[in-house]
Amino acid sequence: MRSLLTLACSLGLGYLLAACSGGTTAGGTPTGVANPEPLPVATRGSIVGQAASVAVSVGGASLTTLTPTVLAGFLESAQQGTLAVAGQPQCSVSVYKVHYNTIGGAGEATDSSAAVFVPTGGGASCSNSRPVVLYAHGTSLQKSYDMADIANNTEARLAAAVFAAQGFIVVAPNYTGYSGSSLGYHPYLDRVAQAADMIDALRAARTSFGAIGAKDSGKLMVTGYSQGGYVALATQRAMQDMGTNEFTLTAASGMSGPYAIARFGDDLFGGAPRSGATVIVPMIINAGQHASAALYATPSDVYETQYAASIADLVPGSLGSGDLVDQGKLPATALFAADSQPQTPGYTAYFGANNLIRTVYRSGYLADLAAHPCDQSATSPLACSPAHNLRKWLVRNDLRSYMPNAPTMLCGGHDDPVVPFFNATSAASYFSARGSRITLLDIDDTPSLNDPYRSAKAGFVAARTILRASSGDGAVASAYHAGLVAPFCMAATRDYFQTTLSH
């Protein structure tokens, strides 16, 4: 159990705030966000060049394929406790990277890249054709974030261990604005742009499968964690909306995603901001501005003067969270002014000096919230017609607006301080009311004897208990979202996919 704790603590808040230091961030003007000139027209999802093999250094040797024994040693060496969550590798795994054409938030032509993990071997789980998992990653501040770098990227390594090593072909996009992309911003939680990126990555990967030895069984799953949980369900919706047979999902799983983003925004501006809010809010606003949602005329309409001049396109960049705070580009926690009202008890850390959001902007949001409240009905939560442009953008991107056709699981933890669990419960209620086959999994729940997710729940409970006993409640809260919930929801998702496939 101690190894599970080691894994949980090591993940920290890396998915949300990858706190790596170095460099300065270019870009950002005081007059707003300008979209880049369109690249020459290219077919969406077409591959740029050929899939490139990514070597992994293991014990001084550069390997393009990791056998189950080598992979097991590599995983435990990189992070003790991984195998306790993921299980022993059944397959050899090779890593590739594809570069492809896609679009940005304004519909402009751009490019991006994705990792492809290919399982091989003689076992029943590895030979012949294999199911495909399209995986969406969590939030990072670092433009260099690369899902093909399993040596240094913990989330990528977990995806390889949990899915690829158990026989799933994994396609994991880096997203536009991140590693391998020339786009100067990231369309964060823009459901249309992010789903398009995921779909184009899968198209490019499929084009490459023959050359890299990946045999697609035709069974397709989509999943992701945190931001990626949202992106996974946005992708599910986009695939359904296409109305073609290009993509047929076997199953989907959203893990700790902000699916009910309109309610999330109203809750945050209403006085209950969440951990990471001083990064999340400007990333959402920046994405909306690039998508012509007209969220401001100039950044100073929204942000206090000390931040307005450099905040556009600030994240993702080259600075970690500590550097952004130390250099005065973002406050650590003070989203709103100390005297800004209302303030929900228990959230005082998000109100203080050197705050990010102007009080007059918050007041405008709250006035619209009072005039046009959303979430008045569990079955019609978006019947609210807001007039405030940020609230319009959030409603447009809220995922309680379609009916999943494939079996879908929503996994999370009820004490999540970053992405509230109401995102999962309200989305599950909405989907279920429309007849969708939904499994709602609270990983932070005592497992029953016959619980199909007993192992994942028990692992979570053990890791949380040890962490609380050794370091206190504060450490549990800090590690909860990405360090505790993430690996165990990922394992539960794998089990869910395997069960769905067996049926």
Side-chain angles (χ1 to χ4, degrees), residues 1-22 53-97 114-121 126 133 135 137-138 140-142 144-168 170 172 174 178-179 224-226 228 255 320 456 459-460 462-463 466-467 479 481-491 493-494:
M1 292 302 180
R2 181 69 59 179
S3 62
L4 298 182
L5 173 62
T6 304
L7 174 63
C9 293
S10 73
L11 288 172
L13 289 175
Y15 294 175
L16 176 72
L17 300 175
C20 303
S21 62
S53 177
V54 179
V56 182
S57 179
V58 181
S62 183
L63 304 177
T64 56
T65 298
L66 281 64
T67 66
T69 299
V70 171
L71 181 58
F74 167 77
L75 292 171
E76 282 299 295
S77 176
Q79 184 53 65
Q80 184 182 10
T82 300
L83 298 183
V85 178
Q88 288 290 329
Q90 301 300 304
C91 310
S92 299
V93 174
S94 302
V95 182
Y96 297 87
K97 192 170 183 178
V116 182
F117 305 147
V118 181
T120 56
C126 316
V133 167
Y135 182 85
H137 70 72
S140 174
L141 304 187
Q142 307 302 125
S144 60
Y145 200 80
D146 187 357
M147 287 296 289
D149 183 10
I150 66 171
N152 299 296
N153 186 316
T154 303
E155 185 175 14
R157 196 162 53 245
L158 269 175
V162 171
F163 296 112
Q166 303 299 324
F168 293 89
V170 178
N174 289 321
Y178 285 93
S179 176
Y225 191 77
S226 193
M255 300 181 285
F460 173 89
I466 295 170
L467 181 57
H481 177 73
L484 289 170
V485 173
F488 297 105
C489 267
M490 198 178 291
T493 289
R494 192 260 318 283

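One is the number of the first residue; the rest follow in order along the sequence. Please read these numbers as outputs of a predicted model, since none were measured by experiment.
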Practice prompt. Could you label the plane-to-plane angle of the Phe163 and Phe168 rings as parallel, tilted or perpendicular, counting under 30° as parallel and over 60° as perpendicular?
Written response: perpendicular
Worksheet item: Roughly how far, to the nearest 0.5 Å, is the CG atom of Leu71 from the CD1 atom of Ile150?
Response: 6.5 Å
Worksheet item: With no hydrogens and no angle check, is any side-chain donor or acceptor of Gln88 less than 3.5 Å from a backbone partner on Leu83?
Response: no
Worksheet item: Of the non-hydrogen atoms in Ala463 and Leu484, which two are nearest, and what is the gap between them?
Response: CB-CD2, 3.9 Å
Worksheet item: What is the minimum heavy-atom distance between Leu75 and Ala161, and which atoms define it?
Response: CD1-CB, 3.6 Å
Worksheet item: Where do Thr65 and Ser94 come nearest, in terms of heavy atoms and distance?
Response: OG1-OG, 2.7 Å
Discussion item. To the closest 0.5 Å, what do you measure between CZ (Arg157) and CZ (Phe117)?
Written reply: 10.5 Å
Practice prompt. Indicate yes or no for a side-chain donor-acceptor contact from Arg494 to the backbone of Ala86 under 3.5 Å, with no hydrogens or angles considered.
Written response: yes
Response to the item:
Taking every heavy atom of Ala486 against every heavy atom of Ala482, the minimum-distance pair comes out as CB-O, 3.1 Å
Worksheet entry | Residue pair Val70 / Leu66: nearest heavy atoms and the distance that separates them | CG1-CG, 4.3 Å
Discussion item. Met490 vs Val85, test: side chain to side chain contact (heavy atoms under 4.5 Å, CB included). Steps then yes/no.
Written reply: CA-CA 9 Å; Met490 198 178 291; Val85 178; over 6 Å; no
Worksheet item: What's the spacing between Thr493 OG1 and Met255 CE if we round to 0.5 Å?
Response: 4.5 Å
Fill in: Between SG on residue Cys91 and CD on residue Gln166, distance to nearest 0.5 Å
7.0 Å
Fill in: Pairwise distance CG(Leu158) to CD(Gln79) - rounded to 0.5 angstrom
8.5 Å
Fill in: His137 (side chain) donor-acceptor with Ala156 (main chain) under 3.5 angstrom
no
Practice prompt. Return yes if some donor-acceptor pair links the side-chain N/O of Glu155 with the main-chain N/O of Gly138 below 3.5 Å, else return no.
Written response: yes
Practice prompt. Decide yes or no on side-chain hydrogen bond (donor to acceptor under 3.5 Å, both in side chains) for Thr67 and Ser92, but give the supporting numbers first.
Written response: CA-CA 4 Å; Thr67 66; Ser92 299; 5.4 Å; no
Practice prompt. Indicate the atoms forming the closest heavy-atom contact of Asp146 with Asn153, along with that distance.
Written response: O-ND2, 3.2 Å
